[in-house]
Amino acid sequence: MLKGTPFHPRTSRLCQAQNWRRWAGFLAASSYELTHEREYHAIRSSAALIDVSPLYKYLIRGSDAERYLNRLLTRNVEKCAIHQVIYGPWCDEAGKVIDDGTLQRLGEDSFRLTSGESNLRWLLDNANGLRVTVEDDSYSTAALALQGPSSRDILAAVTDLNLDELKFFRLAFSRIGGVPVTISRTGYTGDLGYEIWVQAPHALQLWDLLLEGGRPYGITPTGLLALDIARVEAGLLLIGVDYVPTTRAIVESRKSSPFELGLGWTVRLEKNFIGREYLLEEWRRGSTWAFKGIEIDWLSLEQVYGEYGLPPQLPSTAWRMSVPVYAQGRQVGYATSGCWSPTLKKYVALAHLRTPFAKQDSRVEMEITVEHQRKRAQGRVVELPFFDPERKRT
Amino acid sequence: MMAARTGYDVVIIGGGHNGLVNAAYLAKAGRRVLVLERRDRVGGSAVTEEVFPGFKFSVLSYVVSLLRPEIIRDLELPKHGLEILPLESTFTPTPDGDYLVRWADHDLTRRELYRHSPRDADAYDDFGKLMYHLAFAVKPILGIVPPDPTSRSPRDMLAFLRLGKHFRDLGGEQMHALYKLMTMSSADYLDEWFECEPLKATMSASGIIGTFLGPRSPGTAYVLLHHYMGEIDGAFRAWGFAKGGTGAISEAIASAARRHGAEIRTQAPVMRVIVKHGRATGVALESGEEIYARKVVSAVDPKVTFLGLLEPQELPEDFLHAIRRYKIRGSSGKVNLALDELPSFTCKPGFGPHLRGAISISPNINYLERAYDDAKYGDFSRQPYMDIVIPSLIDPGMAPPGKHVMSIFVQYAPFALKGGWNAEKREAFGDTVLDTLAQFAPNIKNIVLHRQVVTPWEMQEEYGLTEGNIFHGELALHQLFFLRPAAPWSDYRTPLKGLYQCGSGTHPGGGICGASGRLAALTMLKD
Ligand SMILES: Cc1cc2nc3c(=O)[nH]c(=O)nc-3n(C[C@H](O)[C@H](O)[C@H](O)COP(=O)(O)OP(=O)(O)OC[C@H]3O[C@@H](n4cnc5c(N)ncnc54)[C@H](O)[C@@H]3O)c2cc1C
């Protein structure tokens, strides 16, 4: 049996669909209701409550913690203020991405790093000889993402935190009905939202308090199908889907550098970190690949489907597979995730493209299968994210 | 007398959603456009108002059904704030203490139908498939300027050929079904398929909304198709709630129009169209101000346009005659409630997902037909048909935290009420609505904090809808396509040079659809 998260006693009762996905060896609800639509719209129009406990979480402490992390991450950790959160990848010696995640600075010498894959061995190896301890906190800390335009109102109703002061990518310590929590203004939806970190034994109490306090604001337990659409709209990478972590890549060509994943903005070449030399070299030379958004033209879809007497039939969930992308008659890349965006009313995909074809508004074609036939739909390259509401930051 | 203004290419009378769509398309094409709206806000029948502090209502129209995807795309409405949320179920309580719910989930719906009639559970899928086919065939009509069947012009003849080809693709069975839909009553048509009364009644209700007809009146079956047209646009979520109420749709369109340079003025009631040398050259406001433009478009209903804003001698007699006979009988009312808590239905007590969708008081066909009987003889229905939604359950921002708003669309409330409408009758109508609802949800009267009753009289006086007709004229077959509002003036032009029409009184007609505004703009850009 797979493990349930600390919220499982609640989530399993709510999960009408009995539709679970695996996430880091845990059971995670795909959707609670029979269809995920309402859960998706909760993310964008009210508030969604998502169990994100399966994330790997590491507590990193010690007087060398900052120096240590600065050596691992491409971001400049010295610039990360206390109670700030930063996002970025970490690389192997060759500058290829091992994983990506958020780093919370809980205090001067104490951090929490989250990631999609297990990184303990690598973290421990690199800590060798430094005054730093790395503790796998994955099981003892549970986490909920509260995401959506009403998330702030809900937190205001259940905590006495001054939420106007909790800025984007900052964190605060607080209590929710007596339960001690860390609240970070972060998330994986590209919307206004928070993540709430709690000791596992308090998990159920926290769940109940949030659901109760959030009811007047339309809080909606939400599964991964809805989250997946939101994160594609937000142009956020999913490890193992949009890129292969170096630890899993069996051939060299599967690995990607941060530049190739659209994470160039996280790479601080002026400091020293693992993989820097190769990345400096890549930066000078220019990258072969870029990671961009593709917007498919609706009229092109209508035409392709129209050949078969059909209106466009698009998947209601996000897909994750490799789909060829063409330009000027030849393949110039591949899309790795895509969905119909209910908010933007556009069919969008995240794609790896050869740099010369990755400029904003470049015309591309993406393969679609209609009535068992491979067809190509017209589209254009756009910068990510597709969706970036002001409320996320303000 | 104030100074006259000039310099506009187009002035649009009425800032309902169609007027705004028209403005946006024209402005996008580079025209200098001015929209003049009588009320203090845009939207017309697609409007959100905070009627009681903290409680926001889609005062009139309440769900989105046919908003054209091409308009959403062309005007980039999502960028301007348009968000459509799912309306997932339809719940019909019945007087025997039972109910029927159609859910978003196919299996759940099937199981529920099976409980009432195993035969209907099967028929429902077959019916859906047939209707989908027909809707797919008919839908293109929503996107074309109606050709004139009497014309010998190549444009008209080609358009008919193209339409004909489309219909030839339908099989024999489908062709017959289409013919039946155009001629039968919704009750008779549905009788051929189903036996479950709440199912038939709830489905047939879509055929009577906005008409002065009952479910047994011929011609009501056709409107059933509209529901399925929405489904074809499924990806665009043509059916649902607009976040922020239907006014948010109008606001999004207005924002797109402004972005393209259109000017929009509220509290600017137009008194008449200025005609010089047989040509519309501008408008005169009630304030006395005169505004000139190369073209004038009316987005208000045909009666107001041709009988109210123009003098009879400015239009040909046969046209005036047709407009006078144009049927625009109002038959609907609206009751908007601010609620302290949620209603609880006897047949399904407490909160449940059934409250998040539509709640239909349409237990059987006889119930609807009786409701119509009252109206035929000048009364409002003693037991009205009601289509209810609780938007705050889907969009909590519509009410203060923990409170709710309820929108009740009611039929029949004839404009031509015996003795006429007054405040007393309006409230009596409101009481009847609550009494009827209380038969199914007994707690309703105890949880009402505020109530707003809108009768066809208010729709006419406050919202400018002649006789309170919600569609600017009934959606009956004799008033559709090349007959809307009157042949041959269905191509958005009018007998008066320089004057165009773009409201719901033109093809393809009422509903938050926008097609009239768009097609009119495309026509104008050609002239
Ligand atoms: C009670 C009710 C419920 C409805 N429910 C639905 C529904 O759920 N779904 C749906 O799709 N449709 C519904 N409808 C129909 C739909 O709302 C209308 O068909 C549509 O909104 C009409 O849009 P329009 O732009 O053509 O006209 P209108 O919205 O009527 O706009 C005309 C505008 O012109 C203005 N005006 C009038 N006279 C003047 C003047 N002299 N000078 C300047 N301005 C003037 C008016 O104030 C108004 O703003 C409903 C309508 C009503 C009344």
Side-chain angles (χ1 to χ4, degrees), chain A residues 16-17 31-47 148-151 153-154 156-157 212-220 226 233 295-299 301-302 305-306 309-316 339-347 386-391, chain B residues 67 69-74 76-79 81-89 103-109 132-133 135-137 139 166 169 229 231-238 240-244 248 341-342 351 353 356-357 391-404:
Chain A
Q16 293 169 35
S31 73
Y32 290 91
E33 296 186 1
L34 297 182
T35 48
H36 62 280
E37 262 205 287
R38 220 175 59 78
E39 297 173 18
Y40 165 79
H41 286 285
I43 296 175
R44 293 288 179 235
S45 81
S46 52
S150 336
S151 55
D153 295 337
I154 294 173
E212 179 61 30
R215 190 174 311 138
Y217 302 90
I219 197 169
T220 305
E233 291 175 333
E295 274 182 20
I296 301 297
D297 300 345
W298 181 261
L299 294 181
L301 286 172
E302 269 187 349
Y305 279 89
L310 293 169
Q313 291 173 330
L314 301 176
S316 64
C339 67
W340 168 257
S341 162
T343 297
L344 301 169
K345 310 245 178 270
K346 282 180 180 159
Y347 192 36
F386 299 108
F387 179 66
D388 193 16
E390 233 169 76
R391 60 181 180 250
Chain B
L67 185 59
E70 55 269 28
I71 295 175
I72 298 177
R73 281 195 305 274
D74 292 347
E76 300 185 284
L77 296 184
K79 246 200 220 165
L82 177 76
E83 237 178 301
I84 299 176
L85 307 174
L87 178 68
E88 291 194 320
S89 59
W103 302 101
D105 187 79
H106 177 259
D107 289 331
L108 277 190
T109 303
Y132 185 89
H133 271 295
F136 192 53
K139 201 188 77 143
H166 215 81
D169 290 346
M229 288 187 204
E231 237 159 67
I232 293 172
D233 300 324
F236 273 91
R237 171 79 30 238
F241 272 115
K243 184 173 162 70
E341 53 183 273
L342 287 169
F351 172 70
R356 277 196 210 113
S392 49
L393 273 176
I394 293 174
D395 180 7
M398 298 296 279
K403 310 286 183 215
H404 290 282

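Side chains are part of it too, since the values below use all heavy atoms of this structure and drop only hydrogens, waters and symmetry mates. Just so we're on the same page: letters track the sequence lines, and every chain starts at 1.
Neither the backbone nor the side chain of A:Arg215 comes within less than 4.5 Å of any heavy atom in chain B. At a 4.5 Å heavy-atom cutoff, the contact between A:Thr35 and chain B is made by side-chain atoms alone. Residue B:Leu77: no heavy atom, backbone or side chain, is found under 4.5 Å from chain A. Heavy-atom distances place no part of A:Ile219 under 4.5 Å from chain B, backbone and side chain included.
The CD atom of B:Glu83 sits 8.0 Å away from the NE2 atom of A:His41 when rounded to the nearest 0.5 Å. Atom CD of A:Glu302 is separated from atom CD of B:Glu70 by 8.0 Å, given to the nearest 0.5 angstrom. The distance from the CG atom of B:Asp74 to the CH2 atom of A:Trp298 is 13.5 Å, given to the nearest 0.5 Å. The line from CZ of B:Arg73 to CG of A:Leu299 is 5.0 Å long, rounded to the nearest 0.5 Å. A:Arg38 CZ to B:Leu85 CG: the interatomic distance, rounded to the nearest 0.5 Å, is 10.5 Å. Interatomic distance, B:Leu82 CG to A:Leu344 CG, rounded to the nearest 0.5 Å: 11.5 Å.
Using a cutoff of 4.0 Å between basic side-chain nitrogens and carboxylate oxygens, B:Arg356 and A:Glu33 are scored as salt-bridged.
Taking A:Thr343 as the reference, A:Tyr40 meet the side chain to side chain donor-acceptor pair (under 3.5 Å) condition, with sequence neighbours excluded. A:Pro216 meets the side-chain contact (heavy atoms from CB on, under 4.5 Å) test with B:Pro401; sequence neighbours excluded.
Heavy atoms only, all atoms of each residue included: B:Phe136 and A:Gly309 are closest at CE2-O, 3.3 Å.
Within the 3.5 Å criterion, the main-chain N or O of A:Ser45 finds a donor-acceptor partner in the side chain of B:Lys243.
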